[in-house]
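Structure first, then comments.
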Amino acid sequence: MESGSTGSVVRRAAERLGRQLELGEARTADLVIVVAELTSNLAKHAEDPALLLRPVRRADEAGVELIAVDSGPGMADLAISSRDGHSTVGTLGIGLGAIVRQATWFDGYSLPGRGTVLAVQVWPSEIGETPWVGGLTRPLGGETISGDGYAVRVIEGRRQVLVSDGLGHGPLAAAASDTAIAAFHTAPAGPPAAVVQHLHRSMSHTRGAALAVAELGPSAGVLRYAGLGNIAGQVIASDGRRRGLVSLPGIAGHQRPAVREYDYPFDAGALLVMHSDGVVDRWQLDDYPGLVERSPLVVAATLLREAGTRRDDACVLVARAPA
């Protein structure tokens with residue numbers, strides 16, 4: 001990443017996005033500072049860096065989310081590195097501290113020799129609780145559009161999430177996942193199996209998709225799950241035990257697949273991890289000390305970096321059990 005050319009392009013894009021989302025002049029200026037410091041840090045320190053800039057929304061307003069990812073060299077203590085005056089390369093050491101100060105919400109994870117993930121949100125006002133869910137997609141190498149997608153909704157107290165993998169890749173795969181996402185947002189309130197049936201009926205005009213819907217109940221204790229095809233699901237219990245979730249064979253939108261819902265224990269502090277087959281499922285959170293304690297978005301970004309392949313579209317979604 002070139003600190004001059006790429007950094008200035010990203011800063012201009014951030015400024016345009018802030019204005020489009022009506023962040024206000026002060027918060028847009030804060031956003032530009034965050035982007036400038038992130039791009040500067042990536043240019044100076046990172047190996048194989050990437051920076052994602054995207055809008056995020058809630059009921060009454062919109063904000064901007066940034067995810068910075070690299071593969072090394074990592075930091076021994078992210079909290080210390082975020083303090084003003086701390087530097088490993090002879091600079092003033094105010095970059096990460098400036099990011100933390102300007103951000104509405106900030107989280108990160110770093111492991112020496114493996115790299116760093118930083119997640120930042122800039123909103124016009126405070127957001128209160130830490131985000132309970134986070135997801136990312138990445139297209140097949142050389143492509144600009146991903147056939148994988150995810151969605152989140154809260155309806156009648158039900159926290160539901162969707163991961164979809166459109167058949168194949170490219171625009172037609174993306175159209176299938178887009179249809180699934182649109183149908184998910186408009187589906188009647190109901191358990192995951194009923195939602196999956198609704199998606200199946202809504203996708204008959206597409207090439208179809210593997211997909212799965214999970215529901216995190218209004219209180220911790222049970223996760224409900226229904227899936228078709230090769231969407232992988234795992235529950236990571238608070239004691240570290242890992243349990244796979246069952247998806248049945250089939251393609252949503254084609255034939256008449258059997259849909260069945262399964263219930264799993266989901267204690268307070270547990271994590272739900274769902275991903276497409278563009279992510280190798282041999283990952284182990286134990287290989288990343290302390291990662292399970294970070295926000296779902298940081299966990300998702302780390303898993304995508306570590307286990308995502310470039311030979312297929314990839315999607316990771318992580319959600320935390322409600323307290």
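- Across His185 and Val152, no two heavy atoms sit closer than the pair CE1-O, 3.3 Å.
- More than 12 heavy-atom neighbours from other residues, nucleotides or ligands sit within 6.0 angstrom of CZ on Arg242.
- The side-chain heavy atoms of Leu199 and Val213, taken from C-beta on, include a pair separated by under 4.5 Å.
- In this model, a donor atom of one side chain and an acceptor atom of the other lie less than 3.5 Å apart for Asp107 and Ser295.
- Val195 has its side chain within reach of Gln160: a pair of non-hydrogen atoms, C-beta onward, lies under 4.5 Å apart.
- Taking a 6.0 Å sphere around CZ of Arg58, one finds it holds more than 12 heavy atoms contributed by other residues, nucleotides or ligands.
- The two residues Phe266 and Val222 make their nearest non-hydrogen contact at CB-C, 3.8 Å.
- Residues Ser125 and Arg27 bring no donor and acceptor atom of their side chains to less than 3.5 Å of each other.
- Side-chain heavy atoms closer than 4.5 Å link hydrophobic residues (I, L, V, M, F, W, Y) into clusters, and following such links, even through other members, never connects Val154 to Ile127.
- A heavy-atom distance below 4.5 Å is found between the side chains of Pro131 and Gln121.
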task = Begin from the C-alpha positions of Ser146 and Thr137 and carry the test side-chain hydrogen bond (donor to acceptor under 3.5 Å, both in side chains) through to its verdict.
result = CA-CA 7 Å; Ser146 175; Thr137 63; 4.6 Å; no
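- Expressed to the nearest 0.5 Å, how far CZ of Arg243 lies from CG of Leu272 amounts to 13.5 Å.
- Between the side chains of Asp148 and Ser276, at least one donor-acceptor pair of N or O atoms lies under 3.5 Å.
- Between Leu118 and the choices Asn41, Val100, Val298, Leu78, the side-chain contact (heavy atoms from CB on, under 4.5 Å) rule is met once, by Leu78.
- Without hydrogens or angle criteria, Ser177 side chain to Gly166 main chain gives a donor-acceptor distance under 3.5 Å.
- Using a distance-only test at 3.5 Å, with no hydrogens or angles considered, a donor-acceptor pair links the side chain of Arg305 to the main chain of Asp70.
- Using modelled atom types and a 3.5 Å distance limit, the side chains of Glu306 and Tyr288 yield a donor-acceptor pair.
- Between the side chain of Arg153 and the backbone N or O of Ala187 there is at least one donor-acceptor pair closer than 3.5 Å.
- Nearest heavy-atom pair across Gly108 and Phe106 is N-CE2, 4.5 Å.
- Checked by atom type, the side-chain pair Tyr264/Arg224 shows no donor-acceptor distance below 3.5 Å.
- We find that Arg11 and Glu15 are not joined by a salt bridge, their nearest charged nitrogen and carboxylate oxygen being 4.0 Å or further apart.
- Between the side chain of His254 and the main chain of Arg207, a donor-acceptor pair closer than 3.5 Å is present.
- Within 6.0 Å of CD in Glu61 there are more than 12 heavy atoms belonging to other residues, nucleotides or ligands.
- Placement of Tyr150 and Leu162 in two distinct hydrophobic clusters is found when ILVMFWY residues are connected by side-chain heavy-atom separations under 4.5 Å, directly or transitively.
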